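Numbers here simply count residues along the sequence, with the first being 1. In each ligand, atom 1 is the first atom listed, and ligand 1 is the first ligand listed. Reckoned from all heavy atoms, side chains included, excluding hydrogens, waters and symmetry mates. Remember, it's a predicted structure, so these values are computed and weren't measured experimentally.
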Amino acid sequence: MSYNEKILDHYENPRNVGSLDKNDPNVGTGLVGAPSCGDVMKLQIKVNDKGVIEDAKFKTFGCGSAIASSSLLTEMIKGKTIENVTKIKNTQIVEELSLPPVKIHCSVLAEDAIKAAIHDYQNKQKH
Ligand code: FES
Ligand code: FES
């Protein structure tokens, strides 16, 4: 699949669109916005008792690259431990989708969203 096809595929058939129950103690929610374009991304993870992300959902109100980035990211993180997922960088998304420079912030939005979701999940475990 060429990169163009890959972006289009994630844009036209986004994986894991939807919501998880934000009140579930095992669900972390990240809601972030990109100041430069106003696009908004919500990304949620459900973590099991072994610290593994067993489910991930997103809703993105934004451009095609932001939708493709969040779709790809939810596929990347499922089945991984929180520890491993914190190491994921937006540059991996940029490479995977071959995003052009003007679209790099769309992948940053996805990295920010997963970080915020993990932060929310970890805060819930403390309370
Ligand atoms: Fe701003 Fe893609 S998220 S243009
Ligand atoms: Fe930060 Fe509780 S909200 S530790």
Side-chain angles (χ1 to χ4, degrees):
M1 222 184 264
S2 79
Y3 65 83
N4 276 329
E5 284 169 10
K6 204 157 190 174
I7 290 194
L8 269 182
D9 182 40
H10 276 278
Y11 176 62
E12 285 175 355
N13 312 294
R15 329 298 195 260
N16 307 310
V17 174
S19 290
L20 300 169
D21 176 9
K22 68 173 169 36
N23 296 317
D24 182 331
N26 293 319
V27 169
T29 301
L31 183 65
V32 294
S36 55
C37 63
D39 290 356
V40 176
M41 186 182 290
K42 183 179 83 171
L43 200 149
Q44 294 180 298
I45 52 171
K46 188 174 172 113
V47 184
N48 71 16
D49 55 9
K50 293 184 176 68
V52 172
I53 296 174
E54 58 181 30
D55 203 5
K57 298 267 184 235
F58 80 91
K59 274 188 180 168
T60 293
F61 305 93
C63 73
S65 296
I67 292 169
S69 294
S70 34
S71 170
L72 176 71
L73 185 64
T74 55
E75 279 199 325
M76 285 166 76
I77 64 179
K78 272 206 208 178
K80 291 211 171 82
T81 61
I82 292 242
E83 212 191 349
N84 277 326
V85 164
T86 52
K87 294 177 196 142
I88 292 177
K89 294 270 170 273
N90 80 292
T91 47
Q92 287 169 255
I93 297 169
V94 171
E95 265 173 42
E96 190 76 17
L97 297 176
S98 295
L99 295 178
V102 293
K103 290 290 176 184
I104 285 176
H105 79 272
C106 317
S107 67
V108 172
L109 203 55
E111 186 186 326
D112 288 349
I114 183 61
K115 286 199 171 133
I118 289 172
H119 185 81
D120 181 51
Y121 168 76
Q122 288 173 336
N123 278 341
K124 277 186 177 174
Q125 307 317 302
K126 287 186 219 156
H127 290 268

NZ/K50: more than 12 non-hydrogen atoms of other groups inside 6.0 Å | no

Looking at atom 1 (Fe) of ligand 1, is one of the N, O or S atoms of C106 less than 2.8 Å from it?
-> no

Numbered in order shown, the ligand 1 atoms found under 4.0 Å of a heavy atom of A66 are 3 (S)

Give the atoms of ligand 1, by number and element, whose distance to some non-hydrogen atom of D39 is under 4.0 Å.
-> 1 (Fe), 2 (Fe), 3 (S), 4 (S)

So, are K78 and E54 salt-bridged, with charged N and O less than 4.0 Å apart?
-> no

Where the side chain of K80 meets the backbone of I53, is there a donor-acceptor pair that is under 3.5 Å apart?
-> no

Other residues, nucleotides, ligands: >12 heavy atoms within 6.0 Å of K89 NZ = yes

N/O/S of C37 less than 2.8 Å from atom 2 (Fe) of ligand 1?
-> no

Could you tell me whether atom 1 (Fe) of ligand 1 has an N, O or S atom of C63 under 2.8 Å away?
-> no

H105 neighbourhood, listing ligand 1 atoms whose heavy-atom distance to it stays under 4.0 Å | 1 (Fe), 2 (Fe), 3 (S), 4 (S)

Given D9 and R15, is the salt bridge (Lys or Arg N to Asp or Glu O under 4.0 Å) satisfied, shown in steps?
-> CA-CA 10 Å; D9 182 40; R15 329 298 195 260; 2.8 Å; yes

When clusters are formed by joining ILVMFWY residues with side-chain heavy atoms under 4.5 Å apart, either directly or through shared neighbours, do L97 and I77 land in the same one?
-> yes

Output the list of atoms in ligand 1 that are nearer than 4.0 Å to some heavy atom of K103, sorted by atom number.
-> 4 (S)

